[in-house]
Amino acid sequence: MKTLLTLAAALALCTAPAMAQNAVVRDNPPGLFTSPRFTNVLEVPAGADLVFVSGLTAQGPDGVAPKDAQGQAQAVFRNLRIALAARGLTPADVIQVRGFLVDIQNTLPAYRQAAGDFFGATPPPASTVVGVAGLVRPDLLLEVELVAARPAAAK
């Protein structure tokens, strides 16, 4: 019986740190502005894979993009979902998002709506949104890139 208890204790000790390493730590430290749209600080455990998704625009496979901000924002986040899925990831795995918006005052509401739909009830990632003068094509209104983390246990 003593051997069984010792073995169980050793197993618990060995697996507990591994389980703890799989969780991304999200924090909004006191003294910082907080928002339901982003998390101020995220810590990724050792052993996790980082997946970087290049800035994607609203272009479909045919290169065509919707004309309006709302249509483009929805298309951008649809493209991001496809990119994540190609690596077996979901929006819940995203740890950082960066949005680049042309005419930010008019594009920001569409971006926020699409990002809200994309992330849903998942804890929000770290986030930066920047107004830019233009993108690679003059008809494109926003570009979004992100970083996701795959927990070590999911390999």
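Atom set for the values below is all heavy atoms of this structure, side chains included, hydrogens, waters and symmetry mates excluded.
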Under 4.5 Å between side-chain heavy atoms, counting indirect links through other Ile/Leu/Val/Met/Phe/Trp/Tyr residues: same cluster for V76 and I104 or not? yes
Linked, directly or transitively: V51 and V44 (ILVMFWY side chains, under 4.5 Å): no
Is there a path of hydrophobic side-chain contacts, each under 4.5 Å between heavy atoms of I/L/V/M/F/W/Y residues, joining L101 to L140? no
On a heavy-atom basis, which atom in A92 and which in T122 lie closest, and how many Å separate them? CB-CG2, 3.7 Å
Just verifying a value: how many Å separate L146 CG and D93 CG, rounded to the nearest 0.5 Å? 10.5 Å
Does any part of the side chain of V41, heavy atoms only, come nearer than 4.5 Å to the side chain of P29, both counted from C-beta? yes
V144 vs Y111, test: side-chain contact (heavy atoms from CB on, under 4.5 Å). Steps then yes/no. CA-CA 10 Å; V144 180; Y111 171 86; 3.7 Å; yes
Would you check, one step at a time, whether the test side-chain contact (heavy atoms from CB on, under 4.5 Å) holds for R112 with V129? CA-CA 10 Å; R112 284 183 172 162; V129 179; over 6 Å; no
Roughly how far, to the nearest 0.5 Å, is the OG1 atom of T57 from the CG atom of L135? 8.0 Å
Of all heavy-atom pairs between A149 and V24, which one has the smallest distance, and what is that distance? CB-CG2, 4.4 Å
How long is the span from the CG atom in D103 to the CG atom in L108, to the nearest 0.5 Å? 10.5 Å
With rounding to the nearest 0.5 Å, note down the distance linking CZ in R137 to CD in E143. 11.5 Å
On the 0 to 90° scale, with breaks at 30° and 60°, tag the F77-F119 ring pair as parallel, tilted or perpendicular. perpendicular
Gap separating the CZ atom of R78 from the CG atom of L56, nearest 0.5 angstrom: 12.0 Å
Counting N and O atoms only, with roles assigned by atom type, does the side chain of N40 sit under 3.5 Å from a partner on the main chain of T34, one being a donor and the other an acceptor? no
Looking at CZ of F52 and CD of E145, how far apart are the two atoms once the value is rounded to the nearest 0.5 Å? 10.0 Å
Looking at every heavy atom in both V102 and G134, which two are closest together, and how far apart are they? CG2-CA, 3.8 Å
Can you tell me if R37 uses its side chain to pair, donor with acceptor, with the backbone of P124 under 3.5 Å? no
Quick one: closest heavy-atom pair of N79 and A58, and the distance? ND2-C, 4.0 Å
Polar side-chain atom of T128 near backbone of R98 as donor-acceptor pair, under 3.5 Å: no
Any donor-acceptor N/O pair, R26 side chain to T39 backbone, under 3.5 Å: no
Are F100 and L142 connected into the same hydrophobic cluster when the rule is that any two of I, L, V, M, F, W, Y join if their side-chain heavy atoms are below 4.5 Å apart? no
Quick one, L84 with T90, criterion side-chain contact (heavy atoms from CB on, under 4.5 Å). Give me CA distance, side-chain angles, the key distance, then yes/no. CA-CA 6 Å; L84 288 172; T90 70; 5.9 Å; no
Backbone N or O of P66 within a donor-acceptor pair of the Q72 side chain at under 3.5 Å? yes
Is a side-chain N or O of R87 found less than 3.5 angstrom from the main chain of R150, in a donor-acceptor match? no
With hydrophobic residues grouped by side-chain heavy-atom distances under 4.5 Å, do F38 and I95 end up in a single group? no
What are the two closest heavy atoms between P109 and Q105, and how far apart are they? CD-O, 3.7 Å
